[in-house]
Amino acid sequence: MKFITDLLSNIFMTAFSQCGYDKALGKVVVSNRLDLCQFQCNGALSGAKQYRKSPLLIAKEVVAHIPENEMIGSLEVVAPGFINVSLKDEFLMNYVQEMYFDQHMGIPQAEQEETIVLDYGNPNVAKPLHVGHLRSAIIGEALKRIVTATGRKAIGDVHLGDWGLPMGLVLAELEDRYGENLPLLTTELLNEVYPCASKKSKADPNFLEKARTMTAKLQKGDPAYQETWKTMVALSVEDIKKTYARLGATFDYWYGESDSSKYVPELLEILKAKDILVESEGAQVVEVAKDGDKQPIPPTIVIKSNGSEGYATTDIATIIQRQRDFAPDQIWYVVDFRQNLHFTQVFRTAQKAELIPSTTKLTHLCFGTVNGKDGKPFKTRDGGVMQLSDLLDAVVDCAYEKLKSSDNAEEAAKKETAEKIGIAAIKFGDLISHYSKDCIFDLDKFMASEGKTGVYLLYVVARINSILRKYGGNGNTKLNAVYSEGERDLLLKLALSGNAFLGAYTEKSPNILCENAYQIAVAFSKFYHDNRILGETDPSKRSSWISLCTIAKAILVKHLDTLGIETVDVM
Ligand code: ARG
């Protein structure tokens, strides 16, 4: 389906060029004063200088050239030269009706095939998921669904942290404790071992050295280390999958950093053939600094002096794998801002080595940290790192407490609903601001039943469900007319959804979809408040209103689903 803004722009462009002005001046945008009009064209103002004419004159001339048509209901020239446009109700209504029946719900689909790999989630083996991993999973999942919704191929890879020093630290600690006689490994044991080993490595350089050597040996394929490591990975993945299932984060691939290892020999060959691998203090590195860099960019370490592969190596070798398996047009890395330098090094190395075509775009979507209300990184009450599952439990408990008072559901159903509400509250609370900002974790704010919250949006969907339940179905999904101002506004907000989806894709910004979903919810609430839908005695009005409820729900749910947010039947 074509955007209303594009359809209107076509009409205006023709008029501008008929009057002898630059066609491009005819661009029509959504009004920023919706109380005055729905759309506006500001071309006369931009053209005034170019044509040395008063903008008011240009605007009047253009408007006189716009023929009566099926779209435009009112046209008004306003000083100093704005053209205000509103649609015919009939057109608006039919447009929204058509969106509902469109297989993509009016969301514009990419015209060319495009594949985007999304690297997100990024949990680490042997370390429990912490709140920092929450954002990558939430933002990455929303972006992946936005890519799919706009007709592109999205491939999600969790890129498990399973190959670096943390592995050696755990192996070293296990060896210190148990020697050859390893006990049965459990998640609990691993969760306890890693923090202990990490602390020890900071105080004891010998232990750190031992862990480094063990990491290198593991990477070279030492059979005993490999065996323990495989058990560690399996245990961690099982645990991580449970938390991701709660969050509704779904991955096409569960590759780990370790899976890139088999591409390292090839990587080294390419780097050597291109003569860009140099030796520096025993390590093998690639120089990536460029003239004009605002900060010094140190060389990328490909092989460390002890022979092990570093964090950058795994990312660079993974690019070879992704190019071979998926030939992506873009790769998006949803990783926090602290890894900015790392990705600069990785991207530059991959480009210098021509591991990908020069047209392939590599983007680091660097998000901010999860902070508490005090603006400091979110911690547990005793100051430790908050584990993700504990945080999810806390929010879900809060949702359950609120539901407990309403006694219209079974206990088990309440638990299930509380889980969905809690997760929706966190996700919407995170996604409503641009990802680059820090996320302030404020439970009361996230759980508020009014305002830009997941709870409010779920509530509006549940309200529509309740109307449709009482009515006994979805109606005939046919809109008959626009009977009230509230409906007109709701229809407009629904009609602009395609623009919001496209905006969310091009700006890589799920917050645009959150905002549009909120606007729809508010407009629906007003429509509901102003009209007695079920009590309406005029049958065609009532039927049209029921249909509007059905359509509004479908479009709202499409927004939420694309954000990775599940809705509930009753609340
Ligand atoms: N696992 C890493 C961490 O928790 C993040 C990995 C980010 N993704 C990547 N391709 N390097 O810090």
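Index from 1, following the sequence. Atoms within each ligand, like the ligands themselves, are counted from 1 in listed order. Please read all numbers here as calculations on a predicted model, not as lab measurements.
The protein heavy atom nearest to atom 8 (N) of ligand 1 is D119 OD1, 3.3 Å. Looking only at heavy atoms of the protein, atom 12 (O) of ligand 1 is closest to Q339 NE2, 3.3 Å. Taking atom 2 (C) of ligand 1 as the reference point, the nearest protein heavy-atom neighbour is N124 OD1, 3.7 Å.
Aromatic rings of F251 and Y244 (six-membered ring for Trp) have centroids within the 6.0 Å cut-off, being under it. Between F347 and H364, a ring centre-to-centre spacing not shorter than 6.0 Å is recorded. You'll find the ring centres of F337 and F343 outside the 6.0 Å limit.
For ligand 1, the polar-atom distance check against Y311 finds a nitrogen or oxygen pair separated by under 3.5 Å. Backbone and side-chain nitrogen or oxygen atoms of E257 are examined, and none is located within less than 3.5 angstrom of a nitrogen or oxygen of ligand 1.
Every atom of ligand 1 is numbered from 1 in the order shown, and the set under 4.0 Å from a heavy atom of V335 is 7 (C), 8 (N). Close contacts of ligand 1 with Y333, meaning ligand atoms under 4.0 Å from a residue heavy atom, involve 10 (N).
Between D162 atom CG and N124 atom CG the span is 9.0 Å, to the nearest 0.5 Å.
When all heavy atoms are compared, the tightest approach of Y505 to E114 is OH-OE2, 3.5 Å.
Counting heavy atoms under 4.0 Å from ligand 1, residue W163 does not touch it at all. With a 4.0 Å heavy-atom cut-off, ligand 1 is reached by the side chain of D315 but not by its N, CA, C or O.
N122 and H133 form no side-chain donor-acceptor contact under 3.5 Å, judged by distance and modelled atom types alone.
Contact check on D293 versus R348 returns a salt bridge, with a Lys/Arg side-chain nitrogen under 4.0 Å from an Asp/Glu carboxylate oxygen.
Taking 4.0 Å as the cut-off, F343 counts as a neighbour of ligand 1 on heavy-atom distance.
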